[in-house]
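What follows is a single structure, written as structure tokens, with notes after it.
Please read all numbers here as calculations on a predicted model, not as lab measurements.
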Amino acid sequence: MKISDSVRYIGVNDHKTDLFEGQYPVPMGMSYNSYVILDEKIAVMDTVDESFTGEWLENLERELDGRRPDYLIVQHMEPDHSGGIPLFLRKYPDAKVAATPKTFEMIKQFLYGEEDGALLQEKIAERSIKAENGGTLSLGSHTLQFLFAPMVHWPEVMMTYEQTEQLFFSADAFGKFGALDKEEPWADEARRYYIGIVGKYGVQVQNVLKKAAELDIAAICPLHGPILQENLGYYLDLYEKWSSYTPESQGIAVFYASIYGHTKKAALFLAEELKKRNAGEVVVYDLARTDLSQAVSEAFRYDKLVLACSTYNGGIFPFMEDFIRRLLERNFQNRRIGLIENGSWAPMAAKVIKGMFEKSKNITFTDTTVTITSTMKEQDKEQMEKMILELLDK
């Protein structure tokens with residue numbers, strides 16, 4: 001893939017992995033992106049997952065056309081981007097490695113298990129360039145400017161701005177699930193990727209967005225997903241909302257965890273009543289049968305939630321508990337929540353759920369909580385009506 005006459009894409013597509021990071025389903029695969037800048041000096045931007053280093057080196061060699069790289073820029077040490085470092089160093093021992101000081105500490109950890117790890121570490125120590133935040137590296141007509149981005153989403157991360165062609169190499173930011181040989185809308189899988197992997201670090205992402213706002217950017221080159229070259233304001237606006245925990249859409253997401261179907265029936269009834277009252281977009285998710293990374297992503301998307309849950313062992317049904325813990329891990333905030341609880345002799349779900357959100361920022365609950373004892377009755381529908389009016393601010 002040709003980004004420009006001097007900048008080429010040399011990444012790979014992964015259709016072997018079913019769970020990214022061992023937990024996120026990726027039915028459309030993944031891309032591990034890497035780039036090479038061809039100038040008087042040649043810089044390779046990151047490597048790929050170890051399983052794909054052979055294909056990646058073939059891509060690199062084709063673009064080098066007999067030349068040898070001068071620099072390897074390591075922006076992120078997560079294994080899906082650093083897996084090719086050992087093979088690269090063996091093939092190009094004269095290349096210098098540029099990275100943050102923290103990255104060089106991590107490289108030692110990852111090289112420890114290599115048979116020639118000590119030799120590779122020695123080569124890196126001899127030919128390392130410890131980047132400075134805001135520092136530059138000239139390749140000739142191209143100049144790289146390094147921008148540190150700690151905890152987006154690892155502590156060693158940096159991003160790189162190429163000043164001449166105005167390319168923003170954004171590490172894991174602005175990435176998405178999905179391989180590049182499959183076409184699909186960007187936002188849904190980018191949201192699921194961001195919320196799942198980076199969502200906890202909103203403050204750190206906000207800091208990076210402030211740095212990006214000072215740059216003239218022609219294209220964003222992430223480590224996953226497509227290169228973004230048009231309508232960049234759209235992507236930046238979504239990242240601004242996601243990282244500030246601002247609802248992206250006005251609507252109500254209903255999530256239920258049901259044992260025998262009675263809580264499910266109540267959740268579906270409520271959703272239909274909301275739709276009748278023009279409540280905007282209303283979506284419903286069965287937490288026992290929905291990929292929880294998708295459910296969490298949708299919870300961050302909408303400004304209002306309804307959680308319907310059965311009481312279980314004096315607490316809440318495990319699928320709901322897992323779902324809420326995932327929200328809390330990602331600093332879920334700035335939302336309004338309605339609760340439906342069910343219990344045959346001692347309904348406890350509402351109390352437990354409110355306790356879980358106790359330390360969350362700007363989470364408000366409707367005054368009305370619907371409490372069902374075993375099966376939904378007429379008085380429960382009356383309570384739902386009150387909750388609906390509160391959710392609709394009427």
Do side-chain atoms of [X] reach the backbone of [Y] as a donor and acceptor pair under 3.5 angstrom?
X	Y	result
S82	M77	yes
S4	V7	yes
D14	K16	yes
T263	C309	no
N207	A149	no
D322	F319	no
S170	A173	yes
T47	G84	yes
K211	F148	yes
E162	E165	yes

More than 12 heavy atoms of other residues, nucleotides or ligands under 6.0 Å from [atom1] of [X]: yes or no?
X	atom1	value
Q294	CD	yes
Y239	OH	yes
E184	CD	yes
K381	NZ	yes

[X] and [Y] ion-paired at < 4.0 Å:
X	Y	value
R192	D291	yes
E273	R277	yes
E126	K123	no
K241	D237	yes
D367	K386	no
R191	E248	yes
K265	D380	no

Test applied, side chain to side chain contact (heavy atoms under 4.5 Å, CB included); reference residue, I42; option that passes from R68, R67, E63: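 Testing I42 for a side chain to side chain contact (heavy atoms under 4.5 Å, CB included) against R68, R67, E63 leaves exactly one candidate, R67.
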
Matching residue for M384 among V306, T368, L270, L389 - test: side chain to side chain contact (heavy atoms under 4.5 Å, CB included): L270

Could you tell me whether the side chains of [X] and [Y] share a donor-acceptor contact shorter than 3.5 Å?
X	Y	value
H15	D181	yes
S293	Q23	no
T371	E341	yes
Q145	T136	no
S374	S344	yes
D46	H81	no
S244	T246	yes
Q333	N362	no
H142	E40	no
S310	S258	no
H76	D172	yes

Full working for side chain to side chain donor-acceptor pair (under 3.5 Å) between N13 and S31: CA-CA 4 Å; N13 289 314; S31 70; 5.0 Å; no

Within 45° cone of Y245 ring axis and under 6.0 Å: K361 NZ or CZ: no

Counting C-beta onward and ignoring hydrogens, is there a side-chain heavy-atom pair between [X] and [Y] closer than 4.5 Å?
X	Y	value
I73	V44	no
N342	T375	no
L89	V97	yes
I353	I324	yes

CA sep, side-chain torsions, deciding dist, call: Q206, S243, side chain to side chain donor-acceptor pair (under 3.5 Å): CA-CA 6 Å; Q206 285 276 301; S243 60; 2.7 Å; yes

Identify the residue among [options] that makes a ring-ring contact (aromatic ring centres under 6.0 Å, His included) with [X].
X	options	result
F332	F300, F323, W242, Y302	F300
W186	Y235, F174, F177	Y235
Y35	W56, Y9, F168	Y9

Worked verdict on F357 versus L327 for side-chain contact (heavy atoms from CB on, under 4.5 Å): CA-CA 9 Å; F357 282 103; L327 295 180; 4.2 Å; yes

Stepwise side-chain contact (heavy atoms from CB on, under 4.5 Å) check, L274 with I388: CA-CA 7 Å; L274 286 167; I388 288 170; 3.9 Å; yes

R325 vs E329, salt bridge (Lys or Arg N to Asp or Glu O under 4.0 Å): CA-CA, chis, key distance, verdict: CA-CA 6 Å; R325 290 196 185 284; E329 287 171 3; over 6 Å; no

CA sep, side-chain torsions, deciding dist, call: Y201, N331, side chain to side chain donor-acceptor pair (under 3.5 Å): CA-CA 8 Å; Y201 304 106; N331 287 333; over 6 Å; no

Verdict with reasoning, D18 to V26, per side-chain contact (heavy atoms from CB on, under 4.5 Å): CA-CA 6 Å; D18 61 337; V26 284; 5.8 Å; no

Sub-6.0 Å ring centroid separation between F52 and Y32: yes

Partner residues of Y71 under the ring-ring contact (aromatic ring centres under 6.0 Å, His included) criterion, sequence neighbours left out: none

Trace of the salt bridge (Lys or Arg N to Asp or Glu O under 4.0 Å) decision for R90 with D116: CA-CA 10 Å; R90 294 184 190 111; D116 58 347; 2.8 Å; yes

